[in-house]
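Notes for the one structure printed next.
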Amino acid sequence: MTLSHELPHSFEGALALAKKYLSRSRTLVERNLVMTEAEQIVQAAYRLITNKKLSRSDMLLRINEPFPPQAAEKVLVWASQRAEGKPLQYLTGHQTFLNHEYLVGPGVLIPRPETEFLVSSAIQELSTHLPQYGIEVGLGSGAIAIELLALFPKLKIVASEVEPQAIRIAMKNAFLVLGAESMKRLKVIQSDSQTEVLGVFAQKAADFIISNPPYLDSSDPIDPDVLLYEPRAALFAASPDSLYFYREFASHASQWLKPGGYLFLEVPHQRAQLISELFDKKIWKIRLAQDLTGRDRVLVAILNP
Ligand code: GLN
C-alpha cells in the first residue's frame with residue numbers, strides 16, 4: 001500500500017488526518033466524538049512509536065512540530081479501523097481505570113466508568129475493615145481486583161474467569177501494577193461454565209465478594225460496536241434470564257462470606273430495584289448506590305453478623 005502521499009508531517013497534520021477518517025463514522029459524528037478520539041489516536045500512535053507518553057497539552061504545544069512518519073502510518077490505520085466501529089481501546093491496547101492503566105484486547109470487556117464507581121463504593125465500605133480475602137466473579141481485564149489489591153496491602157483475591165484470553169491479559173495487568181507479588185495475591189480459577197457462579201471457589205469465609213457480572217438483556221438498547229467487538233460472555237448471561245447471576249448471588253453468596261461480609265455488585269439501573277428484591281432482608285442489609293448520572297448502579301449487600 002503506498003499511502004505516503006497522504007501522510008502528514010506535523011502533529012497538526014496527524015490530527016487532521018485522524019479527523020478525516022473518523023468523520024466517516026456516523027456514530028462518532030453524531031456523538032460529537034471525532035475531535036476527542038482524533039486526539040487520543042494521535043497521542044497513542046506517538047507513544048507506541050517513540051515509547052514516550054504525550055499529554056494533551058504537550059501535543060497542543062507541539063502542534064507545528066514534525067510528527068514521526070511511522071506514528072503517522074499508525075494514525076491512518078487506527079483512524080480508519082475506528083471509523084469502521086472497532087473500539088479505540090482494542091486498537092491502542094490500553095484503558096485507564098481509576099489509578100492505573102490497563103492492557104485490554106479482544107476477549108476482555110473494556111472497563112467502564114460505571115465499574116470505577118463499583119470499585120470506589122467497595123473502597124469506601126472496606127477502608128475501615130482492612131479486608132484480607134476477597135472473591136471476584138468474572139475477572140475480565142482484572143481492573144477491579146487489581147485496584148483493590150493495590151489499595152489494600154494485606155488483601156488476597158481469588159477470581160474466576162471463563163475466557164482464557166482474559167486470564168492472560170489480567171495476569172499481565174496484575175504484574176504491571178503490583179509487581180512480582182501479584183502471583184501470590186491474585187489467584188485465578190479458570191471456570192469452564194458460565195453458569196457456575198460461586199461453586200468454583202473452594203475457600204469460603206470471604207470478607208467480600210465483588211462482581212460486574214454480564215447483565216444485558218436482549219431487549220436493552222445496545223451500541224452495535226459493543227455487540228460486534230466485545231466478548232459476548234462479558235455482556236450477556238448464558239441463560240436467557242438476564243438476572244441469572246443476581247439470582248445466584250442472592251441464593252448462595254451468604255455461604256461464601258464471613259458474618260458481616262460484603263457483596264458488591266454492579267447492576268443495570270433499569271433492573272436495580274428488581275435485583276434488590278431478590279435478596280432476603282432477614283439475612284442481608286441492602287443499599288443501592290447512585291452513579292454520577294444519578295442512576296442506581298451498585299448494590300451493596302451486607303450479610304447480617
Ligand atoms: N470484571 C471485569 C470488568 O468489570 C469484567 C466484567 C465482565 O466481563 N462482565 O471490567
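One-based numbering along the sequence shown. Counting starts at 1 for both ligands and their atoms, in listed order. We use all heavy atoms of the structure for the numbers below, so side chains are in, but hydrogens, waters and symmetry mates are not.
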Subject >> Among Ser239, Ser211, Pro214, side-chain contact (heavy atoms from CB on, under 4.5 Å) partner for Phe245 >> reply: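 When Ser239, Ser211, Pro214 are each tested with Phe245, the side-chain contact (heavy atoms from CB on, under 4.5 Å) holds only for Pro214.
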Subject >> Qualifying salt bridge (charged side-chain N to carboxylate O under 4.0 Å, His left out) pairs with a residue from residues 241-265, counting only residues at least two apart or across chains >> reply: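 Matches after skipping sequence neighbours: Asp207-Lys258, Asp241-Arg247.
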Original post:
More than 12 foreign heavy atoms under 6.0 Å from CD of Gln124: is that the case here?
Top reply: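 Counting other residues, nucleotides and ligands, CD of Gln124 stays at 12 neighbours or fewer.
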**OP:** Taking atom CZ of Arg232 as the centre, report whether more than 12 heavy atoms of other residues, nucleotides or ligands fall under 6.0 Å from it.
**Re:**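 Incorrect, the count does not exceed 12.
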Just list the side-chain donor-acceptor pairs under 3.5 Å for residues 116-123, sequence neighbours left out, or say none.
| unit_1 | atom_1 | unit_2 | atom_2 | d |
| --- | --- | --- | --- | --- |
| Glu116 | OE2 | Leu98 | N | 2.6 |
| Ser120 | OG | Glu116 | O | 2.6 |
| Ser121 | OG | Phe117 | O | 2.7 |

Using a cut-off of under 3.5 Å, which N/O atoms of ligand 1 pair up with protein N/O atoms, and what distance separates each pair?
| unit_1 | atom_1 | unit_2 | atom_2 | d |
| --- | --- | --- | --- | --- |
| ligand 1 | 1 (N) | Glu136 | OE2 | 3.0 |
| ligand 1 | 1 (N) | Gly138 | O | 2.8 |
| ligand 1 | 1 (N) | Leu139 | O | 3.3 |
| ligand 1 | 4 (O) | Asn212 | ND2 | 2.9 |
| ligand 1 | 9 (N) | Asn212 | O | 2.8 |
| ligand 1 | 9 (N) | Ala234 | O | 3.0 |

Subject >> Set of side chain to side chain donor-acceptor pair (under 3.5 Å) partners for Asn173, sequence neighbours left out >> reply: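 In terms of side chain to side chain donor-acceptor pair (under 3.5 Å), with neighbours along the sequence ignored, Asn173 is linked to no residue.
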